[in-house]
Amino acid sequence: MDPNNAIRPDYALPEFQGERQQLIDEGLTEQQATRSLTALWNFNNNAEKVRWTARQVHLEEARQRAEEDEAQRLQDLKDEEEATRLEDRKKNKNKYAPIKHGKVPSDPTILPAQYATRRLKAGDYCELHYFTNKGLDEAKVATLIAEPDALVMLPAADGVHSWVPAAAVKDPKAAPVTKDENLTWEEFNEAAPRIISFMKLTAGATHPTYSNRKLCYCTSRNNDVAGTLQ
């Protein structure tokens with residue numbers, strides 16, 4: 001109980017006659033006995049107030065220490081989690097790579113034979129056969145069975161020989177290639193838009209030009225009239 005809220009009793013009342021009589025027997029008068037009992041109560045109450053205040057200060061300090069310890073524990077836990085996250089981010093960069101939101105391509109991916117790709121990049125003539133359904137299927141099969149590290153030596157235009165992937169060279173044992181003039185209309189309609197799209201995407205393989213006011217794509221800058229009409 002808080003001694004600051006204690007109510008001092010009135011020692012002049014009849015219920016305290018016994019306490020007063022003990023002091024009267026010691027030689028004090030009635031009034032002196034009442035004042036002595038009141039002074040003793042005040043002394044004890046003041047001592048209780050001091051002890052109460054000290055106890056409340058101690059409890060408050062303990063509460064503050066507990067709060068500080070809990071805050072430090074939570075901060076240490078947060079720092080540990082952050083260090084773990086940074087370490088995981090350092091070890092697994094791909095896991096935290098930002099996701100790029102782009103448009104989903106509407107055109108199917110065109111993966112012709114490497115031989116056809118090499119021809120187009122070099123600006124050389126390439127048969128439409130390689131961009132028909134049959135030609136793309138043959139390229140897919142060749143990719144699955146080809147030796148990925150195999151190289152062959154071929155002469156360049158300047159006479160210098162260089163090593164190129166074997167898959168980029170036409171295999172003499174491969175299935176025969178249908179000449180452009182022998183393609184069916186269905187095969188031509190399969191190959192024409194594909195080769196044009198692929199020529200647009202192949203850096204250095206084509207450049208735009210105009211023929212009869214219509215946009216064309218040519219495989220050689222020295223022969224703009226040989227462009228493929230879009």
Side-chain angles (χ1 to χ4, degrees), residues 1-112 114 117 121 136 139-140 143-149 165 167 193-194 196-205 208:
M1 180 177 178
D2 186 356
N4 293 283
N5 298 328
I7 299 175
R8 183 180 59 198
D10 184 0
Y11 288 101
L13 295 175
E15 57 260 33
F16 296 105
Q17 179 61 42
E19 287 81 355
R20 293 197 303 272
Q21 188 61 46
Q22 292 180 10
L23 296 177
I24 292 173
D25 292 342
E26 296 292 334
L28 299 180
T29 64
E30 183 81 17
Q31 293 180 346
Q32 289 175 336
T34 301
R35 288 196 297 269
S36 295
L37 291 172
T38 301
L40 180 61
W41 185 94
N42 289 336
F43 177 82
N44 291 331
N45 181 255
N46 290 333
E48 283 294 328
K49 289 179 179 179
V50 171
R51 288 192 291 270
W52 172 271
T53 301
R55 185 162 56 251
Q56 296 307 307
V57 170
H58 176 74
L59 292 175
E60 179 63 20
E61 291 176 349
R63 185 187 64 80
Q64 292 181 358
R65 284 195 300 270
E67 290 181 353
E68 292 173 357
D69 292 343
E70 179 63 13
Q72 184 62 46
R73 186 187 70 81
L74 293 177
Q75 184 62 43
D76 292 342
L77 181 61
K78 182 178 179 180
D79 292 343
E80 182 179 352
E81 292 176 349
E82 180 66 14
T84 302
R85 188 184 68 82
L86 291 176
E87 183 66 21
D88 183 64
R89 187 185 186 95
K90 182 178 180 181
K91 292 181 178 179
N92 304 285
K93 294 182 179 180
N94 293 335
K95 178 180 177 181
Y96 297 90
I99 300 176
K100 295 183 179 180
H101 298 281
K103 296 177 64 178
V104 177
S106 57
D107 298 331
T109 303
I110 302 173
L111 296 175
Q114 290 193 32
T117 303
K121 286 185 176 180
L136 295 179
K140 184 184 300 183
T143 301
L144 296 175
I145 64 176
E147 292 288 341
D149 300 327
R194 289 171 179 167
I196 291 174
S197 298
F198 192 77
M199 290 165 69
K200 291 179 182 179
L201 297 174
T202 307

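Index from 1, following the sequence.
Checked for salt-bridge contact, Arg65 and Glu68 miss the test: no charged N lies under 4.0 Å from a carboxylate O.
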> Can Arg51 and Glu48 be said to form a side chain to side chain contact (heavy atoms under 4.5 Å, CB included), step by step?
Replying inline: CA-CA 5 Å; Arg51 288 192 291 270; Glu48 283 294 328; 2.5 Å; yes

>> Could you walk me through whether Gln32 and Arg20 satisfy the side chain to side chain contact (heavy atoms under 4.5 Å, CB included) test, starting with their C-alpha distance in whole Å, then the side-chain angles of each, then the deciding distance to 0.1 Å, before giving a yes or no?
In response: CA-CA 9 Å; Gln32 289 175 336; Arg20 293 197 303 272; over 6 Å; no

>> Would Glu26 and Gln22 count as a side-chain hydrogen bond (donor to acceptor under 3.5 Å, both in side chains) here? Give the steps.
In response: CA-CA 7 Å; Glu26 296 292 334; Gln22 292 180 10; over 6 Å; no

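In this structure, the side-chain contact (heavy atoms from CB on, under 4.5 Å) partners of Glu81, at least two apart in sequence or on a different chain, are Leu77. Annotation: side-chain contact (heavy atoms from CB on, under 4.5 Å) contacts of Leu74 (sequence neighbours excluded): Glu70. With sequence neighbours excluded, no residue satisfies salt bridge (charged side-chain N to carboxylate O under 4.0 Å, His left out) with Arg35. Evaluation of the side-chain hydrogen bond (donor to acceptor under 3.5 Å, both in side chains) rule for Glu61 yields no partner, not counting sequence neighbours. Considering only residues two or more places apart in sequence or on other chains, Leu40 meets the side-chain contact (heavy atoms from CB on, under 4.5 Å) condition with Asn44. Taking the salt bridge (charged side-chain N to carboxylate O under 4.0 Å, His left out) definition, one finds that Lys78 meets it with nothing, sequence neighbours left out. Remark: Glu67 pairs with Arg63 by the salt bridge (charged side-chain N to carboxylate O under 4.0 Å, His left out) rule, at least two apart or across chains. For Asp10, there are no salt bridge (charged side-chain N to carboxylate O under 4.0 Å, His left out) partners two or more places apart in sequence or in a different chain. The side-chain contact (heavy atoms from CB on, under 4.5 Å) search around Ala6 returns Trp41, Asn45, not counting sequence neighbours. Every side-chain hydrogen bond (donor to acceptor under 3.5 Å, both in side chains) that Arg85 has, sequence neighbours left out, goes to Glu82. Checked against side-chain hydrogen bond (donor to acceptor under 3.5 Å, both in side chains), Glu19 has no partners two or more places apart in sequence or in another chain.
Although no hydrogens or angles enter the test, the distance criterion places no donor-acceptor pair under 3.5 Å between the side chain of Asp88 and the main chain of Thr84.
Asn5 contributes atom CG, which lies 9.5 Å from atom NZ of Lys49 (distance to the nearest 0.5 angstrom). Annotation: the span from Leu23 atom CG to Glu30 atom CD amounts to 10.0 Å, rounded to 0.5 Å. Going from atom CG of Asp79 over to atom CD of Gln75 covers 4.5 Å, rounded to the nearest 0.5 Å. Expressed to the nearest 0.5 Å, how far CG of Leu37 lies from CG of Asn42 amounts to 11.0 Å.
Note on residues 4-33: pairs passing ring pair (Phe, Tyr, Trp, His ring centres under 6.0 Å), not counting sequence neighbours, are Tyr11-Phe16.
Heavy-atom contacts from other residues, nucleotides or ligands closer than 6.0 Å to CD of Gln31 number 12 or fewer.
Ile24 and Ala33 make their closest contact through CG1-CB, 4.2 Å (heavy atoms, listed as atom of the first residue, atom of the second, distance).
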